[in-house]
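Only one structure is covered here, and it is reproduced in the block below.
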Amino acid sequence: MKQQLILAVLMLCSLLIWLDNTILSTTLETLADPVRGLDASPAELQWATGSYTLAFATLMFTAGALGDRFGHRTVLVTGLVVFAGSSVWAAYAGDAGQLIAARAAMGVGSALIMPANLAILMWTFTGPARTTAISVSSTSAGVGMAAGPMLAGLLLDHFWWGSVFLVNVPVVALALIGIVVLVPNFRSPTPRPLDPAGMLLSITGLAALAYGLIRAGQVAEWSRTDVWAPIAIGLVLLAAFALVELRIKMPSFDPRLLAERAFGGGNAALGLLLFAVTAVTFYNAFYMQGARGYSPMEAGLAGLPTALGAILGAPLGARLVRRRPLRLVTPPALTVAALTMGAYGFFGLHTSLVWIEILLLVQGLTIGMVIGPVTAALISSLPLERAGAGSAVTNTVRQTGSVIGIAVGGTIMSIVYRRALEPSLSAVPGSVQDRARLSAEQARHVATEIQRPALAHAADDAFIHAMHVGAVWIMLIALFGAAVLAFSLRPVGKRTELVQEPDHDRGGSPSVTGAPPFRGR
């Protein structure tokens with residue numbers, strides 16, 4: 001019974017992260033509004049999302065090492081406190097810059113929460129129960145996806161935009177009570193040194209890369225020095241990060257794990273999937289509330305099929321992979337998910353909501369069928385004594401995909417939108433042309449001010465065109481992820497033994513034999 005209660009507490013911690021991410025996606029349109037929000041530009045909105053995922057991605061492996069050294073419960077509690085405090089900061093941010101900084105602090109909290117959360121789960125459950133627990137825990141993603149948009153819509157319809165971040169505080173309080181009462185302070189028997197050099201290189205490298213990609217959307221040119229130079233510097237720093245980690249005897253982020261075909265390919269596929277999901281979610285927020293004119297609550301309700309599909313997809317995928325090889329379930333599901341993202345290229349201002357809802361249901365279902373089983377296989381293949389740092393490798397790759405997805409997806413949208421809108425600006429006064437070029441939200445606001453509805457219609461058309469172009473690229477990225485996953489899951493001879501579990505009852509130290517169960521399935 002205690003194991004189930006611990007799982008419930010861990011799911012609450014995971015729910016907190018998914019809840020916050022989906023709440024923010026529903027709030028983006030409001031934050032862009034000059035009157036109701038912060039008058040945030042597309043680039044600022046990309047950074048409001050990107051600063052969070054950047055901190056999340058680059059600090060997780062350090063957080064995993066901290067958990068192995070000081071205890072995963074200690075790190076989990078610290079992360080929850082940081083997350084709650086920065087949520088209050090975000091709620092009362094006075095401008096977009098403060099919101100970006102607060103979101104980065106929330107990312108630090110999430111980075112402390114996630115590896116500790118997974119490590120505690122791995123120490124609590126053994127054998128087949130562990131795989132089942134991981135699959136059950138993954139359903140918190142669907143619950144967060146369902147509750148987040150509706151909760152955000154309800155709050156935005158009745159309160160100011162900052163109220164959506166205050167929701168995190170009572171959830172954290174409840175989780176802290178459960179952790180203190182139920183969760184032991186598991187830690188690795190072999191503490192490892194921290195990795196300040198790796199942390200610095202990864203943060204600066206990803207930040208520079210994201211800055212260059214987002215800057216390209218602001219200036220609509222890739223040949224400028226302030227675009228290609230940060231991208232080049234970011235790639236060099238990330239390469240240096242990999243080299244440094246390879247030379248460290250006990251790295252916090254071990255690139256050697258990614259050299260394993262199944263583990264590395266599975267992580268790469270999940271990273272590409274999260275790239276596509278983040279980008280298409282960014283588009284969908286502006287499509288539903290901006291182009292279609294739905295209220296936040298209506299947009300939240302319209303997104304329910306995605307959440308319902310994800311809730312159903314995780315256990316369905318887990319059930320299928322117990323009967324069929326993983327390679328026969330997850331690559332086809334990821335392929336279907338990619339095609340549903342490409343179908344955004346057929347959405348217009350008057351597309352039937354029924355067809356959109358059916359598409360979103362299939363999209364959520366197939367994404368759930370991939371993330372749950374593949375994550376369970378990856379985590380189960382990790383040595384238990386490196387649970388914190390090892391699981392951080394998986395989450396770092398996924399969050400890196402999200403960072404790049406929001407940067408690339410938003411940049412494609414900005415560049416294509418500007419080019420599509422330009423012919424309609426010739427008849428608009430020069431004083432407002434720059435504001436209209438900034439975003440469709442600004443163009444609609446300007447059109448109301450100067451009483452030119454034609455400009456608003458042109459902005460809607462330009463946004464729809466930009467979404468269509470972006471959808472094609474997103475689909476291709478997700479299809480590439482499906483191909484990578486199919487390749488990584490090819491059988492390579494006889495299936496090897498599963499990871500040997502520790503005997504907690506006898507107090508034995510964890511040991512691992514055999515190859516990851518991911519291989520040859």
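Treat the numbers as computed from the prediction; the structure is a model and nothing was measured.
- Applying the side-chain hydrogen bond (donor to acceptor under 3.5 Å, both in side chains) rule to pairs touching residues 110-119 yields Y52-S110, sequence neighbours excluded.
- When the ring-ring contact (aromatic ring centres under 6.0 Å, His included) test is applied to Y287, the partners found at least two apart in sequence or on another chain are F347.
- Evaluation of the salt bridge (Lys or Arg N to Asp or Glu O under 4.0 Å) test over residues 75-92, restricted to residues two or more places apart or in two chains, returns none.
- Qualifying side-chain contact (heavy atoms from CB on, under 4.5 Å) partners for V9, counting only residues two or more places apart in sequence or in other chains: I179, L182.
- For residues 82-93, the set of pairs meeting the side-chain hydrogen bond (donor to acceptor under 3.5 Å, both in side chains) definition, not counting sequence neighbours, comprises S87-N168.
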For residues 469-480, which side-chain N or O atoms pair as donor and acceptor with protein atoms under 3.5 Å away, sequence neighbours left out?
none

For the pair M341 and I367, evaluate side chain to side chain contact (heavy atoms under 4.5 Å, CB included) and give the outcome as yes or no after the intermediate values. CA-CA 11 Å; M341 295 172 189; I367 290 172; 4.0 Å; yes
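- Under the ring-ring contact (aromatic ring centres under 6.0 Å, His included) criterion, Y417 pairs with no residue at all, not counting sequence neighbours.
- Distance alone, capped at 3.5 Å, is enough to place a donor-acceptor pair between the S488 side chain and the L485 backbone.
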Sequence neighbours left out, cut at 3.5 Å: what donor-acceptor pairs do the side chains of residues 148-164 make with other protein atoms?
residue : atom : partner : partner atom : Å
H158    : ND1  : L154    : O            : 2.9
W160    : NE1  : A91     : O            : 3.4
S163    : OG   : W160    : O            : 2.8

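- Checking each of N185, L112, I120 against L76 for a side-chain contact (heavy atoms from CB on, under 4.5 Å) leaves exactly one that passes, namely I120.
- For residues 100-118, the set of pairs meeting the salt bridge (Lys or Arg N to Asp or Glu O under 4.0 Å) definition, not counting sequence neighbours, comprises D20-R103.
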Could you pull out every donor-acceptor pair under 3.5 Å between side chains of residues 400-409 and any protein atom, sequence neighbours left out?
residue : atom : partner : partner atom : Å
T400    : OG1  : T396    : O            : 2.7
S402    : OG   : T278    : OG1          : 3.3
S402    : OG   : R398    : O            : 3.4

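- Residues satisfying the side chain to side chain donor-acceptor pair (under 3.5 Å) criterion with R444, sequence neighbours excluded, are E441, D460.
- Residues meeting the ring-ring contact (aromatic ring centres under 6.0 Å, His included) test with F286, sequence neighbours left out: F282.
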